[in-house]
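Just so we're on the same page: letters track the sequence lines, and every chain starts at 1. Computed from a predicted model, the values in this text were never measured in an experiment.
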Amino acid sequence: MPELPEVETVAQGVHERAHGQRILAAEFSRAREPFKTDPDTMAAVLTGQRIARVHRVGKHIVFDLETPRPPKGKAEPADHQWIVHLGMTGRLLYSAASVPVPPHTHGRLSLSSGHELRFVDARRFGRMGLHSGARAQPFSGPGSEPLHISPEDFAALFRGRKLSIKAALLNQKLLHGVGNIYADESLYWAGIRPTRIAGSLSRERLLKLHAALQQVLRKAIELGGSSVSDYVDADGVRGFFQLEHRVYDRAGEPCRACAAEIRKMVHAGRGTHYCPRCQR
DNA sequence: ATATGGCCCTGGTTGC
DNA sequence: TGCAACCAGGGCCATA
């Protein structure tokens, strides 16, 4: 499932390949509603735009667009950004037009290089849409960036909260980009039981969690993300961070630090993995 | 306002 | 072996 490191990897890959290119045509399937914006409107707005930059905000992939000006072809920043959320199984693939279109392809952008950018999503949890008014107010996502937030601001997010620390980490309005894998992994490194009430954690423990989370996310980005089920980057390549997991998807296996059996339970509506000895 | 739980969706896995 | 039930979970929505 794409979380911050996976989305970062995809965004970087798409940026390297697609930035500077013009969108010659856009086509979206009309089936159901994987859209925040009407598909016809979205296709009409995207067609003719230049992709200035592709980057990540939380779990969203953000395309900064430019409108080419007729006279000398000079571009100016467009008032729209194109936002893609991969959901659970979404893929954004940069493919030669000759490569067969995979099943469950809901969107296709034809680029000036002759390649296509394809949005493929079997489970349909992904979303696409336009963010308008971007010149005045660029898309900023629902919460704070885990990699940019200061330790003190991070600790302050949880003060007085009565929900569990795991549920708080998953809440995108507090911190965006953290999903189930990196919530479990960062809590392991910080030695915190996922069920602990967020507001009951000391400042010191929260500072430790801040450091653990940033370390885990950075390492995961370095390794191209975690491929647990079917995540792949823009070239269809899997990541390697799943090999570094300490608790996620390791129920019944020994803790790498203390050899206790890793446990799994359902908490905050998600499979939750922890070491009963290392995490208190 | 804050917190919780159900639902969407379908491929892969499990179990009879 | 074959098939059905079950499981995965991000974000949104209704509810308490």
Side-chain angles (χ1 to χ4, degrees), chain A residues 1-11 29-37 56-62 83-93 102-107 119-129 131 139-146 156-187 194-201 213 217 220 225-232 236 238-239 241-242 245 247-252 262-274:
Chain A
M1 51 244 53
E3 304 179 26
L4 188 153
E6 292 77 30
V7 177
E8 178 72 32
T9 303
V10 171
S29 83
R30 312 244 10 216
R32 306 282 178 80
E33 286 271 327
F35 308 109
K36 301 228 171 193
T37 305
R56 177 195 63 78
V57 173
K59 293 180 199 171
H60 300 265
I61 299 165
V62 178
I83 314 293
V84 177
H85 193 297
L86 300 176
M88 278 283 294
T89 53
R91 299 178 174 191
L92 201 52
L93 299 172
H104 307 295
T105 298
H106 303 124
F119 178 77
V120 183
D121 184 15
R123 225 168 291 179
R124 293 175 176 274
F125 280 11
R127 291 288 181 270
M128 295 175 277
H131 174 75
F139 180 79
S140 62
S144 300
E145 270 296 324
L157 286 179
F158 306 105
R159 210 159 288 151
R161 303 261 170 204
K162 290 194 168 36
L163 75 178
S164 70
I165 186 63
K166 164 128 183 188
L169 284 173
L170 292 178
N171 185 341
Q172 303 294 300
K173 287 181 181 159
L174 297 178
L175 211 56
H176 58 207
V178 180
N180 205 37
I181 295 173
Y182 299 99
D184 281 3
E185 291 297 313
S186 61
L187 286 169
T195 48
R196 285 287 303 275
I197 299 302
S200 76
L201 293 165
L213 177 60
L217 293 174
S226 302
S227 291
V228 172
S229 50
D230 47 8
Y231 161 75
V232 293
R238 290 165 58 88
F241 190 73
Q242 66 277 10
H245 290 178
V247 288
Y248 187 85
D249 208 22
R250 294 195 64 239
I262 300 301
R263 288 192 192 154
K264 178 179 182 182
M265 63 181 183
V266 175
H267 176 74
R270 300 290 176 259
T272 298
H273 316 72
Y274 67 100

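Within the structure, every side-chain polar atom (N or O) of A/His104 is placed at least 4.0 Å from both OP1 and OP2 of B/dC9. Considering only side-chain N and O atoms, A/Arg123 lies nowhere under 4.0 angstrom from the phosphate OP1 or OP2 of C/dA8. A sub-4.0 Å separation between OP1 or OP2 of C/dC12 and a side-chain N or O of A/Lys173 is absent.
Between A/His273 and A/Asp184, the side chains place a donor N or O and an acceptor N or O closer than 3.5 Å (distance only, hydrogens not considered). A side-chain donor from one of A/Ser226 and A/Tyr182 sits under 3.5 Å from a side-chain acceptor of the other. In the model, A/His176 has no side-chain atom that pairs as donor or acceptor with a side-chain atom of A/Ser144 under 3.5 Å. Between A/Thr272 and A/Lys166, the side chains place a donor N or O and an acceptor N or O closer than 3.5 Å (distance only, hydrogens not considered).
Contact annotation for A/Phe158: no contact, since no heavy-atom pair falls under 4.0 Å across all strands.
No side-chain heavy atom of A/Arg91 sits less than 4.5 Å from a side-chain heavy atom of A/Leu86.
C/dG10 atom P lies 6 Å from atom CE of A/Met88, rounded to whole Å.
Checking C/dG10, C/dG11, C/dA8 against every side-chain atom of A/Lys264, the shortest atom distance belongs to C/dA8.
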Dump every N/O contact between nucleotides 3-7 of chain B and the protein below 3.5 Å, one line per pair.
residue: B/dA3; atom: OP1; partner: A/Lys162; partner atom: N; Å: 2.8

